[in-house]
Structures are given as structure tokens and as C-alpha cells.
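Below is one structure, written out as C-alpha cells; comments come after it.
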2 protein chains.
Amino acid sequence: MTTPPDPRPASQRIADDLRAAIDSGDIAPGERLPTTRQLVARYGVTAETVRQAVLRLKSAGVVTSRQGGGVYAREQLPLKRLGIQRYDKAKWRDRGEVAFIADRVVSGREYNRNDQTQVVSRLPASRAVAAGLGVPEGTEVVSRARLVKEAGVPTHTLTSYYKVQHVEGTRLEDPTPGPAGKGGGFGVFLELGLEPHQMTEELYARMPTPAESAELELPAGEPVMVLHRTTYTADGTVIEYAVGVHSASRFSWEYNFLIPDSAAGDSHAQ
Amino acid sequence: MTTPPDPRPASQRIADDLRAAIDSGDIAPGERLPTTRQLVARYGVTAETVRQAVLRLKSAGVVTSRQGGGVYAREQLPLKRLGIQRYDKAKWRDRGEVAFIADRVVSGREYNRNDQTQVVSRLPASRAVAAGLGVPEGTEVVSRARLVKEAGVPTHTLTSYYKVQHVEGTRLEDPTPGPAGKGGGFGVFLELGLEPHQMTEELYARMPTPAESAELELPAGEPVMVLHRTTYTADGTVIEYAVGVHSASRFSWEYNFLIPDSAAGDSHAQ
DNA sequence: TAGTGGTCTAGACCACTTC
DNA sequence: AAGTGGTCTAGACCACTAA
């Protein structure tokens, strides 16, 4: 009897073998894989073919490599769960906390002021921003672009857009690193008599652009989660439109809601 | 004066050029890229190097290739927006519709009965399922695994888990393809006196496993969105725990909510 | 059947890390 | 300095698509 031929290309077969070793735990997360030369010897192929195999694993986000260093099974970081509760009014209204910091404390993580850098600027509204804020395209708006890190590693960007007449002269136009003072951005709106009351969040995933990949220092094969958030006052005025780009492996979003019943006069959209 | 050396490897440079052409619209979505041989001539590199460049674009989900066919800029399908409204009680309670179909009709898409295949079975609860349903690990549960297609192309899988005592003998254990009769799964629970009332949805993204990649016929570089959905009755009984795996480029999720206020006696978690 | 993309080899050189 | 991964060439062969 003869062995049936393996239809897979050699680089795929090697990649599958390595992935199986990782999935089964034979190679633990963070552990080093065999060197290229070792795999060359084991499989009887050239170094280039081994490199192709490892490339497949990198594209799939299974391993990371450092030139000269080695190839390592990627650590699986625990997902940070983000619930609607992170926006709780009691935090920023009564206790002057900043929503995202409180969230981080809950999950037992460190916070350093330098973990958030930001660039504040005025610019004409792009089509997406205009739609989000409900202003004509090209209207001058204030943007506040943050890059958030955790223990020195970038986790996500969050760019907020505001109407000029809302935030002119407030702390939100202050480019000092770190959150915008007592209560964060929401605290500012509270003081302005524009209390945040309702939100819409839209989520989707895609592969990063090269620029995002560089800014967030994403490993190969890491997708990003894009969040579009619109914040309204009780009378329906849009006070903030924000776009976040998150390293996908670090976050998950949780929403809790009552099933809507349009036949029951449940007027406010759920 | 001399040209400063380009630090990028040639394959990266070529990939960047092609991506720029696609992003700028010079190469429209669905349009064919230059052939390998043409790029070899244009850049003065070998076919292998061009292939590496194209490989980068495939990993990034920017292009698709068919052996012998050519390389094409990937079509950007419009995202299908999923709002909380898709669960509206009026649909499945009063009009006997199935939530996801109504959703599809809204977005103007076709629906065919064969667009949903399913496998119903009984099995012991895995750790995740046990946690989701609130039963001990290993308890026998009913699973209903669907593969949903649109115009013949798989878009997502959705596997629901139910407690045996809830669905024993109901339409939900009927393996016939297509939704579970009038009002879908929710309709069944309504008839049983277990009216769905509240939900929790958790969302995150990752790269697909090889199995998911095959089942959903995902192009290289396409991430998946994972949805965990738990459905409760008004008294807090869990009636369904479902896990969905979605081709990320086809869906986005939208949530609309009031900002919670834990200091205002707002007891039901939003 | 001609043209396309996909895979692999053998060998070279480079950049980086580790010691 | 030795070892590691990363890139590229030149050439070959294969699998698939389209005319």
C-alpha cells in the first residue's frame, strides 16, 4: 500500500503542524517555536519554505516574530469587557471620575496619566463626521484625537468631534495630555448645561490600514474593532461624535437591553 | 543629489503602490490588477517578489486572487446594520415573522428557504455553554446550529443552545431546514409561556480558525465577528444562549441606549 | 493551448538579537 | 561573533482559467 499524496503545499502542511502544536498546548502561549534551521532539517525543505509556513501563521495572528530573536506563539490577552455601565452618570456627575478610567479600575488595571496622549485641533468636517454630528460637510469642528496606552502598549485610538459653539474656550480645547479634568469630557458638557443622556454605538471589524497598524503597533494578522459613538442630550442635540479604533484582541463589548415592543407605545428608541 | 534609499523591502513597496492605486480608486473594487508578469517588468524584480507583494495585500484583505484567473481588488460590500429593533416583539409576537428575515427584508435583500441549513442535536454542555445557560457543565442541552447564506454565499453561523426541558418535543427540535415556523424560535417560547424579554449581547472580533474559514468561505485576511447572545424572560430565566460567527465585512451592530444612572434608582440594568 | 497565479529550490546577502 | 529571522534572485514546475 502507498501513502496517499498530501494535496497541501509543504508550507501549509508545516503551518498546520505548528498550529496544531500551539492549539494543543504543546507550544504554550509566549513560548518559542523551533528555529528556521531546525524546521528545515525536520521537514527537508529550504529555509524559504519554512519562512512561508511561518508567514501563514503570522497572517493568521497565531505567532509573532522578532528578527534575530525568534518566533513565538502569541499570548492571548484576556478580553477587557466594556459594558454600558462604563458611562454611568454617577461616576462623572457625582464623583468627577472619567468614564474610561473608572472602567479600567474596575478591571484591575493600572492607569498612568501618560497613558493618554492627545491632539486637539480644528478642521472641516469630513462626510462621516458631518453625518455624525448633524452639520453640513466642511463645517469647522473641534477634534480631540487620543491614543490610549496600557502599560506603555497602545490599545486604541479615540477621536471625538465636537461642535465649535459647544466647546469653544472650554477644557476640551486644552491640548494638555490626559483626560479633560474633573468628570472628563462628559463633565464639561454637564457644566455647559448639555447633560449627556443617550448614546448610539455602532461596531464593526476589519483589517487595519497600514497607518493604524503602525500607530497601534499591531502584530500581523490582528484585526481592529471600529466604534462609532454618538452622544445626545435629552432633547436630542448631538454633543459628541467619536470614532474609536481598537486592537481587536484586547476588547469585547457587552450590551444589555430590553427587547423592544413597537406595539406597546414604547416611544423612546431602545 | 542622490535619491535616499527606500528602507522598505521591494515586495512591501510594490504592495504599497498597489494599495495606493486601490485606495485612490485608480483600481476600482472588483477590477483586475496588473498581471504578475507585467509587474515583474514594471518593477524589475522576479515573479516571486511580486507574488510576495500580492500576498501582503491578500493578508490585509485588500485583494482576492484566483489561480489562473487574476488578482482583483476586493468588492466592498455594504455593511448590513443590525439594530436592537430586529428583535421587536411586534414582529414575532403579533405578525409571526422571524426576526432575522424581517431584518433582511428591511435591508432589501432576498430570502430563500434554502439560505438557512441547520443541524439539531443533543449534547453535553461545554464550559462556555454551561456558563451561558446557567447549568452545570456536562448537562445535556439542545443545540441548533445554523449556517446562513445570502444569494448562496455563507454570511454567518448561529448556534443556539436551549435547556432540554424547555424545548423537548417542540418545533425547535425539528431538523427541517429553514426557520422554526411561525414567529421563529421566539414564537415557540412565546407559546410555551416563556416570553423573551431581555437580552445581553457580547461582541468581539478575531481571525477565523481554519474550520471557520472553510465553512464561511472567507477570503484571506477576513476577520470574524463573534456574537454571544443570552435571552431572558421577565423573571430572569435564561431561555437561549447563542453564539454567532460572522464574516466581519458584511455586518455592523448598532446599539441605542440611555446613559445609565446608578444613583437614580434605575434598577433594571441597561 | 497560451497565459495566469502558486509553490518550491539553492544559494546569497542583510538586519537584528543574543552572548 | 554566532545565530536568528527577512528578503531576494533565477529558474523550474505545477494547477488552474480562459479563449
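First the proteins, then the strands, lettered A, B, ... as listed; each starts at 1.
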DNA chain C contacts made by residues 50-61 of chain B, counting heavy atoms under 4.0 Å: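 Result for residues 50-61 of chain B: R51(B), K58(B), sorted by number.
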S11(A) has a side chain; which of dC8(D), dG5(D), dC8(C) sits nearest to it?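 Selected nucleotide (nearest to the side chain): dC8(C).
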According to a strict under-4.0 Å criterion, is [X] in side-chain N/O contact with OP1 or OP2 of [N]?
X      : N      : result
T36(B) : dG6(C) : no
T35(A) : dG3(D) : no
R66(A) : dG6(D) : no
S65(B) : dG6(C) : yes
T46(A) : dC8(C) : no

Any idea how H246(A) and W253(A) line up, ring-wise: parallel (<30°), tilted (30 to 60°), or perpendicular (>60°)?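 Because their plane-to-plane angle is over 60°, the rings of H246(A) and W253(A) count as perpendicular.
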Please work out if R37(A) contacts a base, only the sugar-phosphate, or nothing of the nucleic acid, heavy-atom cut-off 4.0 Å.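 Base contact - R37(A) has a heavy atom under 4.0 Å of at least one base atom.
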DNA chain D-proximal residues of residues 207-220 of chain A, any heavy atom under 4.0 Å: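 Those residues whose heavy atoms fall under 4.0 Å from DNA chain D, taken from residues 207-220 of chain A, amount to none.
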Earlier contact from the 5' end, DNA chain D, for G69(A) and E48(A):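 Checking each residue's closest nucleotide, the 5'-ward one belongs to G69(A).
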Salt-bridged, E222(A) to R74(A), with N to O below 4.0 Å?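 Yes, this pair counts.
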Give a yes or no on whether a salt bridge exists between R86(B) and E201(B), defined as a side-chain N under 4.0 angstrom from a carboxylate O.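 Yes, charged N to carboxylate O under 4.0 Å.
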State, yes or no, whether a side-chain contact exists between [X] and [Y] at a heavy-atom distance under 4.5 Å.
X       : Y       : value
E150(A) : S247(A) : no
F251(B) : M225(B) : no
L39(B)  : L18(B)  : yes
T49(A)  : S11(A)  : yes
V141(B) : Y241(B) : no

Between A47(B) and R32(B), name the one whose nearest nucleotide on DNA chain C is closer to the 5' end.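 The residue whose closest nucleotide sits nearer the 5' end is R32(B).
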Could you tell me the separation between the CG atom of L33(A) and the P atom of dT4(D), rounded to a whole number of Å?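 About 14 Å, once rounded to whole Å.
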Could you tell me how far apart L39(A) (CG) and dT9(C) (P) are, to the nearest whole angstrom?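 Atom CG in L39(A) sits about 13 Å away from atom P in dT9(C).
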Answer with yes or no whether the side chains of R146(A) and S160(A) bring together a donor and an acceptor at under 3.5 Å.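 S160(A) vs R146(A): donor-acceptor pair found between side chains.
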